[in-house]
Amino acid sequence: MSEPLHIEPQARRRDRAATETALLDAAKMVFAERGFDAATTRDVAARAGVNEQLIQRYFGGKSGLLLAVVERFGCEETAHGCTLPPTTGNLEADLDAFLHHQLKHTWKCRDFTKVMLGRALLDADIAAEMARTLQESRIPCLLGRLEALRDQGAIDPGADLPNVAAGIATLGFGLGFVDQVVFGKDPEKLCPIVRSLVRTLVRGLAPRG
C-alpha cells in the first residue's frame, strides 16, 4: 500500500499565497475594466484561472476582494512613495515637478481609482484605506523634501510643513483626478494652473523678513 500523501503546511501556504496573488491581479484588472457593480467573482476567478469559491474563502466575497486589492495598492503606493523626480534643491522647481508627477501618476491609475472612489462613498473600509494610503505614501516624501529646503533656508522656519505637505498632496490628487478624469480637462491646460499655484505657494513659504 502506498504511503498517504502529506502536503507540508509551508507548501500549502505557498499555494495559497500564489492563488491570492493571482486573484488580486485579476480582480484589479476586472474591476478597472468593468467597474465594481458589473464585475463578478466568476469573471475574476476565470481571469485568475482558479475556483470561484476561493474568493469567498480567502476574501469573504466581492467587497472583501476589492478591499484586499485596495490594501495592496496602498502598500505599493507607500513602497514607491518617493519615486519622484530627483530633487533640485529649489523650492519652486521641486513643487512644480511634484505636482506634474502627480498629474501623470493619477492619470496612469485612473481606471482603478474610479472604482476605489466610487466604493469609498459607500464603504467606510475602502475610504479609510484610501486615506491611509495618502497619509503614508506621497505626504511623507514631500514633507521630507520640504524640511530639507527649510533647513537650507528656502522656507520660513515657522511654516507648518506637515499640513502644507498634506495640502499639496491633496491638491495634486484633485488636479490629477478631478480635473483630468472627472472634468476631462486637457493636461496641457493644467500646466498654467500648476505654475500659478506653485508661485503662490513659494511666496507663502518664503522666509519672513
* **Counterpart residues, ring-ring contact (aromatic ring centres under 6.0 Å, His included), relative to F98 (two or more places apart)** => none
* **Non-hydrogen side-chain atoms of H100 and C191 separated by less than 4.5 Å** => yes
* To do: Using a 4.5 Å cut-off on heavy atoms from C-beta on, say whether the side chain of D96 contacts that of R195.
  => yes
* To do: Test side-chain contact (heavy atoms from CB on, under 4.5 Å) on L95 and L146 and set out the steps.
  => CA-CA 9 Å; L95 290 178; L146 292 174; 4.2 Å; yes
* To do: Say whether V182 and F173 are linked into one hydrophobic cluster, either directly or through other cluster members, by side-chain heavy-atom distances under 4.5 angstrom.
  => yes
* Close side-chain approach of V181 and T113, heavy atoms under 4.5 Å -> no
* Heavy atoms only: give me the nearest A45-L23 pair and the separation to one decimal. => CA-CD2, 4.3 Å
* To do: Would you indicate whether the side-chain heavy atoms of I168 and L197 approach each other to under 4.5 Å?
  => no
* Structure fact -> Besides L134, the hydrophobic cluster formed by Ile, Leu, Val, Met, Phe, Trp and Tyr side chains linked at under 4.5 Å, directly or via other members, contains I139
* F177/C109 under side-chain contact (heavy atoms from CB on, under 4.5 Å): CA gap, chis, key distance, verdict -> CA-CA 9 Å; F177 186 80; C109 303; over 6 Å; no
* Are M130 and R119 close enough that some pair of their side-chain heavy atoms sits under 4.5 Å apart? -> no
* Asked: Any side-chain heavy-atom pair from K108 and K104 closer than 4.5 angstrom?
  -> no
* Given the rule that I, L, V, M, F, W and Y join up when any side-chain heavy atoms are under 4.5 Å apart, are W107 and L175 in one cluster? -> no
* What distance do F36 atom CZ and D123 atom CG have between them, rounded to the nearest 0.5 Å? -> 8.0 Å
* Structure fact -> Tightest non-hydrogen contact, residues L205 and A159, listed as CD2-CB, 4.0 Å
* To do: Apply side-chain contact (heavy atoms from CB on, under 4.5 Å) to V115 and V69, showing your working.
  => CA-CA 11 Å; V115 178; V69 176; over 6 Å; no
* Asked: Can you name the nearest heavy-atom pair linking E129 to V70, along with the distance?
  -> CG-CG1, 3.5 Å
* Do the side chains of F73 and V44 join up, straight or via other hydrophobic residues, at under 4.5 Å, putting them in one cluster? -> yes
* Structure fact -> For L67 and D125, the nearest pair of non-hydrogen atoms, with its separation, is CD1-O, 3.9 Å
* Audit row: L65, L24, side-chain contact (heavy atoms from CB on, under 4.5 Å) steps and yes/no -> CA-CA 7 Å; L65 178 60; L24 292 172; 4.1 Å; yes
* Which atom of E71 lies closest to which atom of R132, heavy atoms considered -> O-NH2, 4.2 Å
* Asked: Who passes side chain to side chain contact (heavy atoms under 4.5 Å, CB included) against R42, sequence neighbours left out?
  -> T40, E52
* Asked: Got I193 and K185 here, is their nearest side-chain heavy-atom distance under 4.5 Å?
  -> yes
* Asked: Going from CG on L143 to CG on L161, what distance comes out if it is rounded to the nearest 0.5 angstrom?
  -> 6.5 Å
* To do: Before giving the answer on side chain to side chain donor-acceptor pair (under 3.5 Å), spell out for R138 and Q102 the whole-Å C-alpha distance, their side-chain angles and the decisive distance to 0.1 Å.
  => CA-CA 9 Å; R138 293 284 183 259; Q102 288 291 82; 3.0 Å; yes
* Asked: Distance from L91 atom CG to L201 atom CG, nearest 0.5 Å?
  -> 8.0 Å
* Value rounded to 0.5 Å, distance of CD1 in I126 from CG in L117 -> 11.0 Å
* Could you tell me whether the side chain of F112 reaches within less than 4.5 Å of the side chain of M29, counting heavy atoms only? => no
* Asked: Any donor and acceptor pair, going by atom type alone, linking the side chain of E92 with main-chain N or O of V202 inside 3.5 Å?
  -> no
* To do: To the nearest 0.5 Å, tell me how far R145 CZ sits from T88 OG1.
  => 8.5 Å
* R72/E20 salt bridge by N-O under 4.0 Å criterion -> no
* **Shortest non-hydrogen contact between P207 and A154, atoms and distance** => CD-O, 3.6 Å
